[in-house]
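So the structure is just underneath, and the comments pick up after that.
Throughout, a chain's letter reflects where its sequence line sits, starting with A, and its residues are numbered from 1.
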Amino acid sequence: MTITGSWATMSAMKKYPFHEIETKWQRYWETNSTFRVTEDPSVPKEKRTYVLDMFPYPSGAGLHVGHPEGYTATDIYCRFLRMKGHQVLHPMGFDSFGLPAETYAIKTGTHPEITTKQNIVKFRQQIKRLGFSYDWDREISTHEADYYKWTQWIFLQLYKKDLAYVAEIPVWYCEALGTVLANEEIIQTSEGPRSEIGGHPVVRKPLRQWMLKITEYAERLLDDLEDLDWPESIKAMQRNWIGKSVGANVVFQVAHHNSTIEVYTTRPDTLFGATYMVLAPEHPLVAHITTDEQRNEVQSYIQKAALKSDLERTDLAKDKTGAFTGAFAINPVNGQEIPVWISDYILISYGTGAIMAVPGHDERDYAFATQFGLDIIRVVASHKDQDPAEPLEEAFADEGWVVNSGQFDGLTTAECKEKITLWLEQQGLGKKAINYKLRDWIFSRQRYWGEPIPLVIDEDGEIHPIPESELPLTLPAVESYKPAGTGESPLATVTDWVNTTLPDGRSGKRETNTMPQWAGSCWYYLRYLDPHNDKEFASRDKIDYWMPVDLYVGGQEHAVLHLLYSRFWHKVLYDIGVVNTTEPYLRLVNQGMITSYAYQRTDGTLVPIDEVRETAPGHWIEISTGLEVQQVIAKMSKSLKNVINPDDIIEEFGADSMRLYEMFMGPLRQSKPWNTQGLIGIHRFLDKVWRIAQKPLSEQKAPLELQRVLHKTIKKVGQDTENLDFNTAISQMMICTNEMNKLEVLHRDIWESFILCLAPYAPHLAEELWEMTGHTSTLAYEPFPDYDPALTIDDELEVVLQVNGKVRSKIMVVRGTGKDELERLARENTRIQEYLAQGTIVKVVAVPDRLVNFVITPSK
RNA sequence: GCGAGAGUGGUGAAAUUGGUAGACACGCUAGACUUAGGAUCUAGUGCCUUCGGGUUUAAGGGUUCGAGUCCCUUCUCUCGCACCA
């Protein structure tokens, strides 16, 4: 035998053959369609479970370690549920329309479909290497025509319900790239907003856009959050985004003018304190009411405001600016004439685009009034007996008692809001009003790589939806993926495609805008139910069988947009009677981000991971300078060289190690740093399990102590898996393994149950071990073992003996020993006697199975 | 500023109704074994200690026989929103 041969043999004995095992079982699952699922009517409703992962965008970079985290969590959960007798729907697919493929196409001329397909192949292969139990027969990709046919169909339903309309909306436009950019493609720099790609300047430009009336659903989107089992933080973010507020609309007459200004206010109770008004610079009334003397100033202010981005306008730190229109309005409650100003801190898109300014009780109005020397009066007292004439040093925006407000004096803020709103309604001067921050959804993109919007515009400019029978409206081949240069989509240059005939024979032009990436992901969970149906987007039977989604796991980055858009579409589908629930996702869990380490210099800058050296535990230096750097937690990034590639990990340690480590790192919902050293620990654990498996198998009953450990393990793993507390379940399996390792033989009764506990977590290894014990088919549907409650509790346990709350001794007692007996045993304890001798007992607390505490006062 | 959440060893983290703080793992120390490995096994490992004990869950206070856990105050960090009238 050669030396190398001997080494190879040694290492084969030491390292468990995870490569062979993992390839073998992945092939087995695939050829046997182990995880294919059908709608079996005999399965009761509560045993049908739909577990959904947020599907990935198949980027060229491939999978990163963040993807497998959520996917492993749901996979463990699904495998566990199957063993618990559930019918589990667990699909995967690809969110495959998107900008990177189009950007790449512009650069290289490669059709986005080609790169997308290649990336999907790569992603699918990477995902499969982790051994997830998806039903791959249900795989979908949003860019495929038989999928987006139904995305288009849903759009037509929205259009028919009058929820889609055209508007001129300011969007980000980049001259250098010749295209419109989405908000997320814009970065803020010290020189202003720039395109993420290339760093070119961008401007806001009004362009024709398709809009969806999500605002019509604002109230329901808000109300229905209540009953969802979602993280509070996500609900809060959605509430905040919808931004409901209740107040009143009040009409002000413009003095010496035949027009009125309507304002929205949440503080009608402060109406007497309104000393001026402010209109948004874009407000249509501005041109009408501006006096000749003020016209130049107002016009130049409007021009300046138009040049500013929303971000500059909304920069809180800047000083207030504005211009006086020369006009006055009449405060309806006291007939006083108040000046009308314009300012960019008033947004045309919110409320009525005009406000009554109450500088005494609003910080922004106060800042503006101080800037321009406008009147500030108090109409709210901070406490009941405050002098109404007491001047304000700053805006008092809290609630209080109404003063200087005529008939309303003495009321509380809340009472006054109600009374004054009623009074306004009676006088015909205003009414209660509700406002939302939520805006309608800009749904069109001037892009190629997205779903074409299935509409045709005739010569008269009238819009015609294309007949549903003609769907899908497919993307035409184009010569160039470059935008038209006019702000129109590349599709605008494809005249053959654009020019079409209407059913009545007249000619028309197709809509050349495409849908945003959100469109496909708005409803994909429905297509998984019935992915090959060419008659409907999904059959009602299948929707009724599975919906709603029981558990939805994904990253927090989709907290607002995707989840809100998706809920909106679902509600529309509910309203037209094609789905059975008002909400799509019952329970939502956000996995935490997987971060990495980086090193920080004393000046706060970061050093890439390969440019430092550890000199002592906890101490690192930058190699080039020799200066000490601190280890910090940072996001994974190419520049810091701290990105972990799942392929490398699987290659070196195996998929089971990867899966287990990501779950063992810490609680699922928490962010945690990747540490390859920790992964090695997990790998050792699996290696140990493999070594135990080599021990001779005994048919004899295992010793009682080991049975106890096993039953505790079954209980804990079961409960923890159900609650998605995977890290503690793994700890318990380690404890069990350590116990089993102490014996020379393997007891079948213990071993088989343990394998089944391990199976959801490390499925490849578990299948192999299961086969080694003589089973001939998969363990995927073996019942999860039951535990004997009697064996999960110890007959004897340790009870703590305390004196004045400090542990002084411990004794072993039989479980359930009574208080009196415990106290007697404690008093017999010599250590305790020593302490008791030092004082007088005032109180004795005895808690069975826990402790005895003597409270004593020291004797003099 | 507003909203949400979190602070526990050198590190990742555990801790049922308030009842032994630090399970499990990494790292470290010592030993065993070994043609030497990210190997295995054994023992130890919060901190201080005069080896009796003292002390310890961001800081301070409170409730309690007893607080990581409940209440109050402060500090720090993360995430989201941000002139929304």
Would you classify [X] as touching base, sugar-phosphate or nothing, given that sugar-phosphate means primed atoms plus P, OP1 and OP2, and contacts are heavy atoms under 4.0 Å?
| X | answer |
| --- | --- |
| A:Asn727 | sugar-phosphate |
| A:Ile735 | sugar-phosphate |
| A:Gly681 | sugar-phosphate |
| A:Asn853 | base |
| A:Glu363 | nothing |
| A:Lys235 | nothing |
| A:Val845 | base |
| A:Ser731 | base |
| A:Gln677 | sugar-phosphate |

Specify whether A:Phe368 and A:Trp341 have parallel, tilted or perpendicular ring planes, treating 30° as the upper limit for parallel and 60° as the lower limit for perpendicular.
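The arrangement is perpendicular - the two ring planes meet at more than 60°.
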Which pairs with one or both residues in residues 671-680 of chain A pass salt bridge (Lys or Arg N to Asp or Glu O under 4.0 Å), sequence neighbours excluded?
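Every salt bridge (Lys or Arg N to Asp or Glu O under 4.0 Å) pair that includes a residue of residues 671-680 of chain A, provided the two are not neighbours, is A:Glu69-A:Lys672.
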Quick one, A:Leu686 and A:Tyr16 - any side-chain contact, counting heavy atoms below 4.5 Å?
yes
Grab the [atom1]-[atom2] distance between [X] and [N] for me, whole Å please.
| X | N | atom1 | atom2 | answer |
| --- | --- | --- | --- | --- |
| A:Met733 | B:rA25 | CE | C1' | 14 Å |
| A:Leu851 | B:rC65 | CG | P | 14 Å |
| A:Glu834 | B:rG52 | CD | P | 12 Å |
| A:Asp720 | B:rC24 | CG | C1' | 12 Å |

We want to know whether A:Thr72 and A:Tyr761 form a side-chain donor-acceptor pair, criterion being a heavy-atom distance below 3.5 angstrom.
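There is no such pair between these side chains.
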Side-chain H-bond candidate by donor/acceptor type, A:Asp365 with A:Tyr345, under 3.5 Å
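Short answer, yes.
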Could you tell me which residues satisfy side-chain hydrogen bond (donor to acceptor under 3.5 Å, both in side chains) with A:Gln556, sequence neighbours excluded, listed by chain and number?
none
Euclidean distance for [atom1], [N] against [M] (whole angstrom):
| N | M | atom1 | result |
| --- | --- | --- | --- |
| B:rG10 | B:rC28 | C1' | 8 Å |
| B:rG9 | B:rA59 | P | 9 Å |
| B:rU40 | B:rG54 | C1' | 39 Å |
| B:rU29 | B:rG80 | C1' | 46 Å |
| B:rC26 | B:rG3 | C1' | 37 Å |
| B:rC33 | B:rU42 | P | 15 Å |
| B:rG62 | B:rG7 | P | 24 Å |
| B:rU78 | B:rA58 | C1' | 15 Å |

Mind checking salt bridge (charged side-chain N to carboxylate O under 4.0 Å, His left out) for [X] and listing every partner two or more places apart, or none if nothing turns up?
| X | answer |
| --- | --- |
| A:Asp375 | none |
| A:Glu705 | A:Arg708 |
| A:Arg684 | none |
| A:Lys806 | none |

Short of 4.0 Å, heavy atom to strand atom, which residues of [range] count as contacting RNA chain B?
| range | result |
| --- | --- |
| residues 738-745 of chain A | A:Asn738, A:Asn741 |
| residues 797-805 of chain A | A:Glu798, A:Val800, A:Gln802 |
| residues 654-668 of chain A | A:Phe664, A:Met665, A:Pro667 |

Side-chain N,O ([X]) to OP1/OP2 ([N]) below 4.0 Å:
| X | N | result |
| --- | --- | --- |
| A:Ser245 | B:rA85 | yes |
| A:Lys806 | B:rU55 | yes |
| A:Arg684 | B:rC24 | no |
| A:Arg808 | B:rG54 | yes |
| A:Gln556 | B:rU78 | no |

List for me each residue that meets side chain to side chain contact (heavy atoms under 4.5 Å, CB included) alongside [X], sequence neighbours excluded, and say none if there are none.
| X | value |
| --- | --- |
| A:Thr792 | A:His711, A:Lys712, A:Lys715, A:Tyr787 |
| A:Glu821 | A:Thr817, A:Arg824, A:Leu825 |
| A:Glu722 | A:Phe80 |

A:Thr676 vs A:Gly351, nearer the 5' end of RNA chain B by closest nucleotide:
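Counting from the 5' end, the first nearest nucleotide belongs to A:Thr676.
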Hey, which of these two, A:Met734 or A:Met356, hits RNA chain B nearer its 5' end, going by closest nucleotide?
A:Met734
Consider the side chain of [X], meaning its heavy atoms from C-beta on, and name the nucleotide among [options] that approaches it most closely.
| X | options | answer |
| --- | --- | --- |
| A:Ala236 | B:rA85, B:rC83, B:rG3 | B:rG3 |
| A:Arg831 | B:rG53, B:rC81, B:rU11 | B:rG53 |
| A:Phe653 | B:rG38, B:rC41, B:rA4 | B:rG38 |
| A:Ile680 | B:rG19, B:rG38, B:rG12 | B:rG38 |

Under a 3.5 Å limit for both distances, which nucleotide forms a Watson-Crick or G-U wobble pair with [N], could you say?
| N | result |
| --- | --- |
| B:rC41 | B:rG31 |
| B:rU57 | none |
| B:rU50 | none |
| B:rC81 | B:rG1 |
| B:rA15 | none |
| B:rU76 | B:rA6 |
| B:rA23 | none |

Charged N to carboxylate O below 4.0 Å: is that the case for A:Glu823 and A:Lys819?
no
Other residues, nucleotides and ligands only: do more than 12 of their heavy atoms fall within 6.0 Å of CD on A:Gln694?
yes
Base orientation of B:rG5, chi within 90° of 0 counted as syn, else anti, reads anti
